[in-house]
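Let me begin by presenting the structure, written as C-alpha coordinates, before commenting on it.
Values below: all heavy atoms of this structure, side chains included; hydrogens, waters and symmetry mates excluded. Chain identifiers are assigned alphabetically (A, B, ...) following the order of the sequence lines, protein sequences preceding nucleic acid strands; residue numbering begins at 1 within each chain.
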2 protein chains.
Amino acid sequence: MQDYEKIFKAFLAGKGLKLTMPRRYILEEVFRLHEHFNAEDLYAKVKLVTRDVSLATVYRTLPLLMEAGLVQHALRSSGRDRFEHIYGHPKHVHWLCRNCGAIQETDLQALMPVIKKQADAIRFKTDDIELSIRGICWKCALLENENHIEKE
Amino acid sequence: MQDYEKIFKAFLAGKGLKLTMPRRYILEEVFRLHEHFNAEDLYAKVKLVTRDVSLATVYRTLPLLMEAGLVQHALRSSGRDRFEHIYGHPKHVHWLCRNCGAIQETDLQALMPVIKKQADAIRFKTDDIELSIRGICWKCALLENENHIEKE
DNA sequence: GGAATGTTGCAACTGATTCTCAATACAAGG
DNA sequence: CCTTGTATTGAGAATCAGTTGCAACATTCC
(Lines give C-alpha, C1' and ligand atoms only; values in the text may rest on other atoms or scores of the structure.)
Protein backbone atom coordinates (compact mmCIF):
# COMPACT_ATOMS: atom_id res chain seq x y z
CA MET A 1 0.00 0.00 0.00
CA GLN A 2 1.27 3.43 -0.84
CA ASP A 3 2.20 5.82 1.90
CA TYR A 4 -0.58 8.18 1.02
CA GLU A 5 -3.09 5.37 1.33
CA LYS A 6 -1.88 4.59 4.80
CA ILE A 7 -2.12 8.22 5.75
CA PHE A 8 -5.61 8.63 4.36
CA LYS A 9 -6.79 5.41 5.94
CA ALA A 10 -5.43 6.40 9.32
CA PHE A 11 -6.93 9.85 8.98
CA LEU A 12 -10.34 8.41 8.15
CA ALA A 13 -10.14 5.85 10.92
CA GLY A 14 -9.48 8.66 13.36
CA LYS A 15 -12.84 10.11 12.40
CA GLY A 16 -14.69 6.82 12.37
CA LEU A 17 -14.73 6.75 8.58
CA LYS A 18 -13.61 4.09 6.14
CA LEU A 19 -11.41 3.93 3.08
CA THR A 20 -14.05 2.68 0.66
CA MET A 21 -13.59 1.79 -2.98
CA PRO A 22 -14.82 5.12 -4.38
CA ARG A 23 -12.52 6.97 -2.00
CA ARG A 24 -9.66 4.71 -2.97
CA TYR A 25 -10.23 5.31 -6.69
CA ILE A 26 -10.28 9.05 -6.12
CA LEU A 27 -7.16 8.96 -3.99
CA GLU A 28 -5.24 6.94 -6.58
CA GLU A 29 -6.20 9.31 -9.33
CA VAL A 30 -5.25 12.36 -7.30
CA PHE A 31 -1.74 11.00 -6.99
CA ARG A 32 -1.56 9.94 -10.60
CA LEU A 33 -2.29 13.51 -11.66
CA HIS A 34 0.77 15.68 -11.65
CA GLU A 35 -0.85 18.95 -12.59
CA HIS A 36 -3.51 21.07 -10.98
CA PHE A 37 -7.00 19.76 -11.42
CA ASN A 38 -10.54 20.72 -10.60
CA ALA A 39 -13.30 18.45 -9.37
CA GLU A 40 -14.61 17.75 -12.85
CA ASP A 41 -11.16 16.90 -14.25
CA LEU A 42 -10.65 14.46 -11.46
CA TYR A 43 -14.09 12.93 -11.96
CA ALA A 44 -13.44 12.46 -15.69
CA LYS A 45 -10.13 10.71 -14.96
CA VAL A 46 -11.64 8.41 -12.39
CA LYS A 47 -14.47 7.59 -14.79
CA LEU A 48 -11.94 6.16 -17.23
CA VAL A 49 -11.05 3.53 -14.67
CA THR A 50 -14.39 2.72 -13.08
CA ARG A 51 -18.04 3.62 -13.13
CA ASP A 52 -18.41 3.21 -9.40
CA VAL A 53 -17.76 6.83 -8.51
CA SER A 54 -20.08 9.81 -8.81
CA LEU A 55 -19.25 13.48 -9.08
CA ALA A 56 -20.92 14.03 -5.73
CA THR A 57 -18.48 11.64 -4.12
CA VAL A 58 -15.56 13.46 -5.69
CA TYR A 59 -16.85 16.69 -4.17
CA ARG A 60 -17.31 14.95 -0.84
CA THR A 61 -13.87 13.35 -0.82
CA LEU A 62 -11.82 16.38 -1.75
CA PRO A 63 -12.32 18.16 1.58
CA LEU A 64 -11.35 15.00 3.40
CA LEU A 65 -8.15 14.76 1.41
CA MET A 66 -7.37 18.35 2.23
CA GLU A 67 -8.02 17.86 5.89
CA ALA A 68 -5.74 14.83 5.80
CA GLY A 69 -3.00 17.06 4.41
CA LEU A 70 -2.72 15.16 1.14
CA VAL A 71 -4.22 17.79 -1.13
CA GLN A 72 -4.18 21.56 -1.10
CA HIS A 73 -6.00 24.33 -2.90
CA ALA A 74 -4.24 25.62 -5.97
CA LEU A 75 -5.06 28.85 -7.70
CA ARG A 76 -8.74 29.14 -8.61
CA SER A 77 -9.22 29.39 -12.32
CA SER A 78 -12.24 30.28 -14.50
CA GLY A 79 -14.66 30.06 -11.64
CA ARG A 80 -13.56 26.63 -10.46
CA ASP A 81 -11.69 25.54 -7.40
CA ARG A 82 -8.47 23.82 -8.32
CA PHE A 83 -6.41 21.37 -6.32
CA GLU A 84 -3.11 19.54 -6.30
CA HIS A 85 -1.71 16.70 -4.26
CA ILE A 86 1.06 17.72 -1.95
CA TYR A 87 2.17 14.67 -0.06
CA GLY A 88 5.89 14.25 -0.51
CA HIS A 89 6.10 17.40 -2.58
CA PRO A 90 7.67 20.53 -1.25
CA LYS A 91 5.10 23.30 -1.28
CA HIS A 92 5.52 25.83 -4.00
CA VAL A 93 4.71 29.23 -5.29
CA HIS A 94 2.32 29.56 -8.23
CA TRP A 95 2.95 32.16 -10.88
CA LEU A 96 -0.15 32.68 -13.00
CA CYS A 97 0.13 34.59 -16.23
CA ARG A 98 -3.03 36.62 -16.61
CA ASN A 99 -2.52 36.78 -20.36
CA CYS A 100 -1.93 33.18 -21.46
CA GLY A 101 -3.06 31.45 -18.25
CA ALA A 102 0.16 29.45 -17.92
CA ILE A 103 1.11 28.45 -14.40
CA GLN A 104 4.72 28.11 -13.35
CA GLU A 105 5.95 26.98 -10.00
CA THR A 106 8.91 27.85 -7.86
CA ASP A 107 10.03 26.58 -4.52
CA LEU A 108 8.42 27.92 -1.36
CA GLN A 109 11.15 26.63 0.92
CA ALA A 110 13.22 29.78 0.62
CA LEU A 111 10.34 31.73 2.14
CA MET A 112 9.63 29.36 4.97
CA PRO A 113 11.95 30.86 7.58
CA VAL A 114 10.27 34.24 7.38
CA ILE A 115 6.79 32.72 7.33
CA LYS A 116 7.66 30.53 10.28
CA LYS A 117 8.84 33.55 12.18
CA GLN A 118 5.63 35.47 11.54
CA ALA A 119 3.54 32.43 12.48
CA ASP A 120 5.35 32.21 15.79
CA ALA A 121 4.86 35.89 16.41
CA ILE A 122 1.07 35.57 16.18
CA ARG A 123 1.09 32.03 17.60
CA PHE A 124 -0.59 30.59 14.50
CA LYS A 125 -0.65 26.85 13.81
CA THR A 126 -0.11 26.64 10.05
CA ASP A 127 -1.81 23.97 7.94
CA ASP A 128 -1.73 25.20 4.45
CA ILE A 129 0.16 27.88 2.60
CA GLU A 130 -0.95 29.30 -0.69
CA LEU A 131 1.28 31.83 -2.39
CA SER A 132 -0.13 32.87 -5.72
CA ILE A 133 1.31 35.57 -7.86
CA ARG A 134 -0.50 37.02 -10.83
CA GLY A 135 1.22 38.91 -13.57
CA ILE A 136 2.71 38.48 -17.01
CA CYS A 137 5.09 35.71 -18.00
CA TRP A 138 8.14 36.60 -20.03
CA LYS A 139 6.72 35.16 -23.26
CA CYS A 140 3.64 37.33 -23.09
CA ALA A 141 5.69 40.34 -22.00
CA LEU A 142 7.76 39.85 -25.12
CA LEU A 143 4.67 39.67 -27.35
CA GLU A 144 3.16 42.75 -25.72
CA ASN A 145 6.33 44.65 -26.41
CA GLU A 146 6.41 43.63 -30.04
CA ASN A 147 2.81 44.68 -30.59
CA HIS A 148 3.53 47.95 -28.90
CA ILE A 149 6.41 48.62 -31.22
CA GLU A 150 4.35 47.66 -34.27
CA LYS A 151 1.61 50.08 -33.31
CA GLU A 152 3.92 53.05 -32.99
CA MET B 1 -10.47 64.78 -5.49
CA GLN B 2 -8.76 61.85 -3.79
CA ASP B 3 -5.73 60.27 -5.37
CA TYR B 4 -7.57 57.04 -5.96
CA GLU B 5 -10.28 58.90 -7.82
CA LYS B 6 -7.76 60.45 -10.12
CA ILE B 7 -6.19 57.09 -10.74
CA PHE B 8 -9.49 55.41 -11.47
CA LYS B 9 -10.65 58.22 -13.68
CA ALA B 10 -7.43 58.15 -15.67
CA PHE B 11 -7.62 54.39 -15.94
CA LEU B 12 -11.19 54.52 -17.22
CA ALA B 13 -10.41 57.34 -19.63
CA GLY B 14 -7.63 55.22 -21.07
CA LYS B 15 -10.24 52.63 -22.01
CA GLY B 16 -12.82 55.11 -23.28
CA LEU B 17 -14.93 54.69 -20.14
CA LYS B 18 -16.25 57.24 -17.69
CA LEU B 19 -16.28 57.75 -13.94
CA THR B 20 -20.05 57.75 -13.50
CA MET B 21 -21.96 58.29 -10.27
CA PRO B 22 -22.53 54.59 -9.52
CA ARG B 23 -18.84 53.92 -10.09
CA ARG B 24 -17.91 56.84 -7.90
CA TYR B 25 -20.13 55.64 -5.04
CA ILE B 26 -18.61 52.20 -5.26
CA LEU B 27 -15.08 53.57 -5.34
CA GLU B 28 -15.68 55.76 -2.29
CA GLU B 29 -17.10 52.88 -0.33
CA VAL B 30 -14.24 50.59 -1.25
CA PHE B 31 -11.83 53.05 0.30
CA ARG B 32 -14.00 53.65 3.33
CA LEU B 33 -13.94 49.92 4.09
CA HIS B 34 -10.84 48.90 5.95
CA GLU B 35 -11.51 45.19 6.12
CA HIS B 36 -11.97 42.54 3.49
CA PHE B 37 -15.32 42.58 1.81
CA ASN B 38 -17.27 40.62 -0.73
CA ALA B 39 -19.51 42.01 -3.45
CA GLU B 40 -22.63 41.79 -1.33
CA ASP B 41 -21.02 43.54 1.66
CA LEU B 42 -19.95 46.33 -0.57
CA TYR B 43 -23.38 46.58 -2.16
CA ALA B 44 -25.03 46.77 1.26
CA LYS B 45 -22.70 49.59 2.32
CA VAL B 46 -23.26 51.58 -0.83
CA LYS B 47 -27.00 51.11 -0.43
CA LEU B 48 -26.85 52.99 2.88
CA VAL B 49 -25.67 56.05 1.00
CA THR B 50 -27.67 55.92 -2.22
CA ARG B 51 -30.23 53.89 -4.08
CA ASP B 52 -28.63 54.57 -7.44
CA VAL B 53 -26.44 51.49 -7.55
CA SER B 54 -27.36 47.91 -8.30
CA LEU B 55 -25.61 44.72 -7.34
CA ALA B 56 -24.90 44.07 -11.00
CA THR B 57 -22.99 47.32 -11.20
CA VAL B 58 -20.95 46.37 -8.17
CA TYR B 59 -20.02 43.13 -9.88
CA ARG B 60 -19.20 45.03 -13.04
CA THR B 61 -17.09 47.65 -11.30
CA LEU B 62 -14.95 45.37 -9.17
CA PRO B 63 -12.94 43.94 -12.09
CA LEU B 64 -12.28 47.47 -13.30
CA LEU B 65 -10.96 48.47 -9.90
CA MET B 66 -8.70 45.46 -9.87
CA GLU B 67 -7.42 46.18 -13.33
CA ALA B 68 -6.74 49.73 -12.23
CA GLY B 69 -4.61 48.36 -9.40
CA LEU B 70 -6.79 49.81 -6.67
CA VAL B 71 -8.28 46.58 -5.39
CA GLN B 72 -6.96 43.07 -5.08
CA HIS B 73 -8.38 39.66 -4.36
CA ALA B 74 -8.26 38.62 -0.77
CA LEU B 75 -8.81 35.14 0.57
CA ARG B 76 -12.03 33.57 -0.66
CA SER B 77 -14.29 32.73 2.24
CA SER B 78 -17.48 30.69 2.51
CA GLY B 79 -17.85 30.40 -1.21
CA ARG B 80 -17.52 34.08 -1.96
CA ASP B 81 -14.81 36.10 -3.60
CA ARG B 82 -13.40 38.66 -1.22
CA PHE B 83 -11.56 41.86 -1.96
CA GLU B 84 -9.63 44.65 -0.31
CA HIS B 85 -8.42 48.01 -1.49
CA ILE B 86 -4.68 48.25 -1.81
CA TYR B 87 -3.80 51.69 -3.01
CA GLY B 88 -1.36 53.21 -0.57
CA HIS B 89 -1.32 50.11 1.61
CA PRO B 90 1.60 47.77 1.92
CA LYS B 91 0.59 44.29 0.76
CA HIS B 92 0.16 41.76 3.47
CA VAL B 93 -0.12 38.12 4.38
CA HIS B 94 -3.51 36.73 5.37
CA TRP B 95 -3.80 34.20 8.13
CA LEU B 96 -7.20 32.49 8.07
CA CYS B 97 -8.31 30.41 11.01
CA ARG B 98 -10.25 27.47 9.65
CA ASN B 99 -12.04 27.08 12.96
CA CYS B 100 -13.36 30.53 13.81
CA GLY B 101 -12.85 32.19 10.41
CA ALA B 102 -10.90 35.10 11.85
CA ILE B 103 -8.43 36.74 9.50
CA GLN B 104 -5.21 38.30 10.75
CA GLU B 105 -2.68 40.11 8.66
CA THR B 106 1.05 40.46 8.77
CA ASP B 107 3.45 42.37 6.63
CA LEU B 108 4.49 40.96 3.28
CA GLN B 109 7.48 43.26 2.94
CA ALA B 110 9.82 40.90 4.73
CA LEU B 111 9.19 38.32 2.04
CA MET B 112 9.58 40.62 -0.92
CA PRO B 113 13.33 40.21 -1.47
CA VAL B 114 13.01 36.46 -1.96
CA ILE B 115 9.91 36.79 -4.12
CA LYS B 116 11.60 39.44 -6.21
CA LYS B 117 14.58 37.16 -6.71
CA GLN B 118 12.41 34.29 -7.89
CA ALA B 119 10.45 36.60 -10.19
CA ASP B 120 13.68 37.72 -11.79
CA ALA B 121 14.83 34.14 -12.17
CA ILE B 122 11.77 33.23 -14.26
CA ARG B 123 11.52 36.72 -15.77
CA PHE B 124 7.99 37.23 -14.44
CA LYS B 125 6.37 40.66 -14.33
CA THR B 126 4.46 40.65 -11.03
CA ASP B 127 1.11 42.41 -10.66
CA ASP B 128 -0.50 40.90 -7.67
CA ILE B 129 0.68 38.81 -4.78
CA GLU B 130 -1.63 36.78 -2.63
CA LEU B 131 -0.17 34.91 0.30
CA SER B 132 -2.86 33.13 2.26
CA ILE B 133 -2.19 30.80 5.11
CA ARG B 134 -4.82 28.55 6.57
CA GLY B 135 -4.57 26.99 9.98
CA ILE B 136 -5.63 27.47 13.54
CA CYS B 137 -5.32 30.72 15.46
CA TRP B 138 -4.00 30.61 18.98
CA LYS B 139 -7.38 31.17 20.57
CA CYS B 140 -8.90 28.19 18.83
CA ALA B 141 -5.79 26.10 19.48
CA LEU B 142 -6.29 26.86 23.15
CA LEU B 143 -9.93 25.84 23.09
CA GLU B 144 -9.15 22.63 21.22
CA ASN B 145 -6.64 21.72 23.87
CA GLU B 146 -9.06 22.35 26.69
CA ASN B 147 -11.73 20.18 25.07
CA HIS B 148 -9.18 17.49 24.54
CA ILE B 149 -8.28 17.50 28.17
CA GLU B 150 -11.91 17.44 29.25
CA LYS B 151 -12.62 14.40 27.10
CA GLU B 152 -9.81 12.39 28.63
C1' DG C 1 -31.91 68.00 -32.65
C1' DG C 2 -30.05 63.35 -33.51
C1' DA C 3 -26.63 59.71 -34.04
C1' DA C 4 -23.19 57.08 -31.68
C1' DT C 5 -21.47 55.10 -27.77
C1' DG C 6 -21.12 53.88 -23.08
C1' DT C 7 -24.01 52.78 -18.69
C1' DT C 8 -27.43 51.03 -15.77
C1' DG C 9 -31.13 48.30 -13.25
C1' DC C 10 -33.72 44.48 -13.62
C1' DA C 11 -34.62 39.92 -14.21
C1' DA C 12 -33.42 35.75 -16.25
C1' DC C 13 -29.68 32.75 -16.57
C1' DT C 14 -25.48 29.84 -15.73
C1' DG C 15 -22.84 26.56 -13.80
C1' DA C 16 -20.09 24.96 -9.88
C1' DT C 17 -20.92 23.09 -5.59
C1' DT C 18 -23.94 21.26 -1.97
C1' DC C 19 -27.75 18.86 -0.24
C1' DT C 20 -31.54 15.39 0.17
C1' DC C 21 -32.96 10.98 0.29
C1' DA C 22 -33.75 6.33 -0.43
C1' DA C 23 -30.97 2.37 -1.17
C1' DT C 24 -26.55 -0.13 0.26
C1' DA C 25 -22.63 -1.81 2.60
C1' DC C 26 -20.52 -3.34 6.42
C1' DA C 27 -19.13 -4.32 11.26
C1' DA C 28 -20.37 -6.09 15.82
C1' DG C 29 -23.01 -8.96 18.57
C1' DG C 30 -25.72 -12.32 18.99
C1' DC D 1 -26.30 -16.13 8.93
C1' DC D 2 -29.98 -12.67 11.18
C1' DT D 3 -30.29 -7.84 13.35
C1' DT D 4 -29.21 -3.43 14.26
C1' DG D 5 -26.69 0.81 14.00
C1' DT D 6 -23.78 3.65 11.46
C1' DA D 7 -21.37 5.25 7.51
C1' DT D 8 -21.72 5.66 2.34
C1' DT D 9 -23.30 6.18 -2.09
C1' DG D 10 -25.47 7.81 -6.71
C1' DA D 11 -28.83 10.49 -8.76
C1' DG D 12 -30.97 14.35 -9.22
C1' DA D 13 -32.86 18.52 -7.13
C1' DA D 14 -31.67 22.73 -4.97
C1' DT D 15 -28.75 26.63 -4.03
C1' DC D 16 -26.53 30.63 -4.80
C1' DA D 17 -22.55 33.64 -6.31
C1' DG D 18 -21.63 35.73 -10.27
C1' DT D 19 -22.85 36.97 -15.27
C1' DT D 20 -25.52 38.53 -19.08
C1' DG D 21 -29.22 40.27 -22.34
C1' DC D 22 -31.92 43.94 -22.90
C1' DA D 23 -34.55 48.11 -23.03
C1' DA D 24 -34.19 52.65 -21.12
C1' DC D 25 -30.91 56.46 -20.09
C1' DA D 26 -27.07 59.65 -20.23
C1' DT D 27 -23.42 62.07 -22.59
C1' DT D 28 -20.83 63.70 -26.09
C1' DC D 29 -20.05 65.18 -30.53
C1' DC D 30 -21.57 66.43 -34.81
Side-chain angles (χ1 to χ4, degrees), chain A residues 8-30 36-68 71 73-83, chain B residues 5 8-30 36-68 71-83 98 101:
Chain A
F8 196 35
K9 192 167 183 181
F11 166 79
L12 290 171
K15 311 193 72 166
L17 306 179
K18 291 164 225 157
L19 182 53
T20 59
M21 282 317 282
R23 284 177 183 154
R24 193 185 294 259
Y25 278 124
I26 291 166
L27 176 66
E28 288 307 324
E29 202 51 52
V30 160
H36 302 166
F37 56 87
N38 59 39
E40 203 98 25
D41 295 338
L42 180 55
Y43 174 64
K45 288 284 185 183
V46 171
K47 266 297 179 190
L48 297 178
V49 180
T50 178
R51 271 185 312 161
D52 296 350
V53 173
S54 73
L55 182 56
T57 298
V58 170
Y59 273 110
R60 282 190 279 236
T61 304
L62 245 7
L64 293 173
L65 288 167
M66 294 178 70
E67 219 186 316
V71 164
H73 268 294
L75 202 53
R76 212 175 134 80
S77 156
S78 45
R80 298 174 103 120
D81 284 341
R82 292 168 67 85
F83 307 87
Chain B
E5 276 188 32
F8 195 36
K9 193 167 182 176
F11 166 80
L12 290 171
K15 311 193 72 167
L17 307 179
K18 291 164 224 157
L19 182 52
T20 59
M21 281 318 280
R23 284 176 184 156
R24 193 185 295 261
Y25 278 124
I26 291 166
L27 176 65
E28 288 306 326
E29 202 50 53
V30 161
H36 303 164
F37 56 88
N38 59 40
E40 203 97 25
D41 294 338
L42 180 55
Y43 174 63
K45 287 285 185 182
V46 172
K47 267 295 179 191
L48 297 178
V49 180
T50 177
R51 269 186 311 161
D52 296 350
V53 173
S54 72
L55 183 56
T57 299
V58 171
Y59 273 112
R60 282 189 278 235
T61 304
L62 245 8
L64 293 172
L65 288 167
M66 293 178 69
E67 218 185 320
V71 165
Q72 75 177 348
H73 269 295
L75 200 53
R76 213 174 133 79
S77 156
S78 45
R80 298 174 103 119
D81 284 343
R82 292 169 67 84
F83 308 88
R98 64 176 163 69

- Before giving the answer on side chain to side chain contact (heavy atoms under 4.5 Å, CB included), spell out for V30(A) and F37(A) the whole-Å C-alpha distance, their side-chain angles and the decisive distance to 0.1 Å. CA-CA 9 Å; V30(A) 160; F37(A) 56 87; 4.0 Å; yes

- Going by heavy atoms in the side chains, are E28(B) and E5(B) under 4.5 Å from each other? yes

- Task: Please report, rounded to the nearest Å, how far the C1' atom of dT9(D) is from the CD1 atom of I26(A).
- Result: 11 Å

- Query: Once you round it to whole Å, what is the distance between C1' of dG15(C) and CZ of R76(A)?
  - Reply: 11 Å

- With a 6.0 Å cut-off on ring centres, are F83(B) and H36(B) close enough? no

- Query: Does dG6(C) have OP1 or OP2 sitting under 4.0 Å from an N or O in the side chain of T20(B)?
  - Reply: no

- Message: Expressed as a whole number of angstroms, how long is the span from N38(B):CG to dG18(D):P?
- Response: 7 Å

- Message: If you assign R23(A) and F83(B) each to the DNA chain D nucleotide with the nearest heavy atom, which residue ends up on the more 5' nucleotide?
- Response: R23(A)

- Taking for each residue the nucleotide of DNA chain C bearing the nearest heavy atom, is the 5' side occupied by A56(A) or by S54(B)? S54(B)

- Query: Within the structure shown, what part of the strands sits under 4.0 Å from D52(B) by heavy-atom distance: base, sugar-phosphate, or nothing?
  - Reply: sugar-phosphate

- Query: OH of Y25(B) versus C1' of dT7(C): gap in Å, rounded?
  - Reply: 16 Å

- Heavy-atom side-chain contact between T61(A) and V53(A) under 4.5 Å: no

- Whole-Å distance separating the CG atom of L55(B) from the P atom of dC13(C): 18 Å

- Item | E29(A) vs V49(A) side-chain heavy atoms within contact, under 4.5 Å | yes

- Message: Can you confirm whether K45(A) is buried at NZ, in the sense that more than 12 heavy atoms of other residues, nucleotides or ligands lie under 6.0 Å from that atom?
- Response: no

- Query: Under the 3.5 angstrom rule, does the side chain of R80(B) hit a backbone N or O of A39(B) as a donor-acceptor pair?
  - Reply: no

- For G16(B) and R82(A), take the nucleotide of DNA chain C holding the closest heavy atom to each; which residue's nucleotide lies nearer the 5' end? G16(B)

- Message: Rounding to an integer number of Å, can you tell me how far L19(A) CG sits from dA7(D) P?
- Response: 16 Å

- Message: Using whole Å, what does the distance between atom P of nucleotide dA17(D) and atom CZ of F37(B) come to?
- Response: 17 Å

- Item | Sequence-aligned protein contact record of nucleotides 22-29 of chain D, with B where the base is within under 4.0 Å of a protein heavy atom and S where only the sugar-phosphate is | --------

- dT7(C) phosphate, OP1 or OP2, under 4.0 Å from T57(B) side-chain N/O: no

- Message: I need the CZ-P distance between R80(B) and dA16(C), as an integer number of Å.
- Response: 19 Å

- Query: Does Y59(A) make a side-chain N or O approach to OP1 or OP2 of dT18(C) shorter than 4.0 Å?
  - Reply: no

